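Note sheet for the following structure.
Quick note on labels: first sequence line is chain A, next is B, and so on, each numbered from 1. Treat the numbers as computed from the prediction; the structure is a model and nothing was measured.
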There are 2 protein chains.
Amino acid sequence: MRLVVARCQVDYAGRLSAHLPLATRVLMIKADGSVLVHSDGGSYKPLNWMSPPCSVREGTTDDGAIEWTVTSKATSKGEPDTLRILIEEIHHDSAHELGIDPGLQKDGVEKHLQELLADHPATLGEGLTLVRREFPTAIGPVDLMCRDANGQSVAVEIKRRGEIDGVEQLTRYLELLNRDPLLSPVRGIFAAQEIKPQARVLAEDRGIFCAVVDYDGLRGLDDPTARLF
Amino acid sequence: MRLVVARCQVDYAGRLSAHLPLATRVLMIKADGSVLVHSDGGSYKPLNWMSPPCSVREGTTDDGAIEWTVTSKATSKGEPDTLRILIEEIHHDSAHELGIDPGLQKDGVEKHLQELLADHPATLGEGLTLVRREFPTAIGPVDLMCRDANGQSVAVEIKRRGEIDGVEQLTRYLELLNRDPLLSPVRGIFAAQEIKPQARVLAEDRGIFCAVVDYDGLRGLDDPTARLF
DNA sequence: GTGTCCATTTCGACG
DNA sequence: CGTCGAAGTGGACAC
């Protein structure tokens, strides 16, 4: 890992063309050759960057300025990427040995929500029982396939935030599933921690029931000591 | 901008919980208080981070280790975010004055594609003429509204890469537009530089024509000297 | 402000 | 290895 603070200008050419005028920025060169150009604000996204695998070639221009040319090695398809960094003045330059990172451990995303609901399907509706998680169909897996107290099939689509896309997805599943005489009639439940008003309107207009899920409450139903760290 | 290279462990709690075991990493603290934790690989995305606005409080634990507590200031809705960085050993620590950045100048994204197609609608279909760009509907703007040689309305959805979502989007528009007796019947054109097979199948199954657009060719139709830099 | 849609998205899972 | 869906998505633009 090399860290450089320098007054520079940057040009990128690839899927688009982009230009950064002369200013002082942080240049981060990672061990895999990737380069990040960061300013002192914005978000975690760099102003400009080059994804690995790529290689940096260092040179000098006619007027003595330092020029880095970063080129992507293997553009599997289409456009060759190039990042050109013209350095006018270096304020800082240091290199550091970091070693490989053990990586991030996550907890709490949609997958976990799906697991919890699979263990407690009745929280979505009285008498609901699980038939299968990730129930396969020709156009993708249905998150939960259940059966209600009357034995009717119920397809459940789970999202963290319920938006219009999720309703469309469930609608496609229902349309397909209802062509199967062994399953039909299949009704739908759209389950999410939070459901956007527009998504709710669309869902209910299509006869899909909306279930707002209490993630922390569900967790409480499980063993509360069984946590990651 | 402060740059720290340190052996540290990191815990995040917010919309999810995440943990980084002890390892050497780069910590970037921006002027707005945001913090980025970078390893020596991956992409431009940090292993963990805190978005602005937030504030860093520096302290020490009972066993003498340095502890940074980063808290988000204004969580407009819901979950308070916290990033805790426990530092065991500092390898490097420097601060730099960067100043405000003039920002990135871009060229070549979907907006430009839309402009080009608006100028040359006939490349999408014989005799097509533009009625309006960003044609407003209750569920969002249609990229291009055109009329064909027979005077029939044509709704065009433009993407850089045509995927299933775009077909769904255009389908919703068409469904709505076809309820308007002044416009109906409206047909659809799905235009993209590249159209995924599944999206093409879905589109054509719904009677939507797929147009693969040659971006560079369209550019050539325009004045080739009128470019950004 | 809310809603919608794009992104040099990146990332992970699955077939 | 490609495809597909999610993201602590972030950011821009319209209403």
Check every atom of C:dT9, C:dC5, D:dT3 against the side chain of B:Gln169 and return the nucleotide holding the closest atom.
-> C:dC5
Considering only side-chain heavy atoms of B:Arg172, which listed nucleotide, D:dT3, D:dG5, C:dC5, is closest?
-> C:dC5
Rounded to the Å, how far apart are [X] [atom1] and [N] [atom2]?
X        : N      : atom1 : atom2 : result
A:Tyr12  : C:dT9  : OH    : P     : 8 Å
B:Ile158 : C:dC5  : CD1   : P     : 14 Å
A:Gln193 : D:dA7  : CD    : P     : 10 Å
A:Ile195 : C:dT2  : CD1   : P     : 19 Å
A:Tyr173 : D:dG5  : OH    : C1'   : 9 Å
A:Glu163 : C:dT2  : CD    : P     : 14 Å
A:Leu16  : C:dA7  : CG    : P     : 9 Å
B:Leu104 : D:dA12 : CG    : C1'   : 14 Å

Verdict with reasoning, B:Arg172 to A:Glu168, per salt bridge (Lys or Arg N to Asp or Glu O under 4.0 Å) | CA-CA 10 Å; B:Arg172 287 199 298 274; A:Glu168 294 288 13; 3.1 Å; yes
Side-chain touch B:Thr171/B:Leu174, heavy atoms, less than 4.5 angstrom = no
Any side-chain donor-acceptor pair under 3.5 Å between A:His38 and B:Lys30?
-> yes
Can B:Glu134 and B:Gln114 be counted as having a side-chain donor-acceptor contact under 3.5 angstrom?
-> yes
Charged N-O contact under 4.0 Å between B:Glu58 and B:Arg2 = yes
Please tell me if [X] has a side-chain N or O lying less than 4.0 Å from either OP1 or OP2 of [N].
X       : N     : result
B:Ser43 : C:dT9 : no
A:Trp49 : C:dT9 : no
A:Arg15 : C:dT9 : yes

Looking across every strand, which nucleic acid part, if any, lies under 4.0 Å from A:Met50 by heavy atom: base, sugar-phosphate, or nothing?
-> nothing
For B:Ser51, answer base if it contacts any base atom (sugar-phosphate contacts may also be present), sugar-phosphate if it contacts only those atoms, and nothing otherwise; contact means non-hydrogen atoms under 4.0 Å.
-> base
On DNA chain D, check which nucleotide each of B:Leu47 and B:Pro141 is closest to and give me the residue with the more 5' one.
-> B:Leu47
Heavy-atom nearest nucleotide on DNA chain D taken for A:Tyr44 and for B:Ala199; more 5' hit belongs to B:Ala199
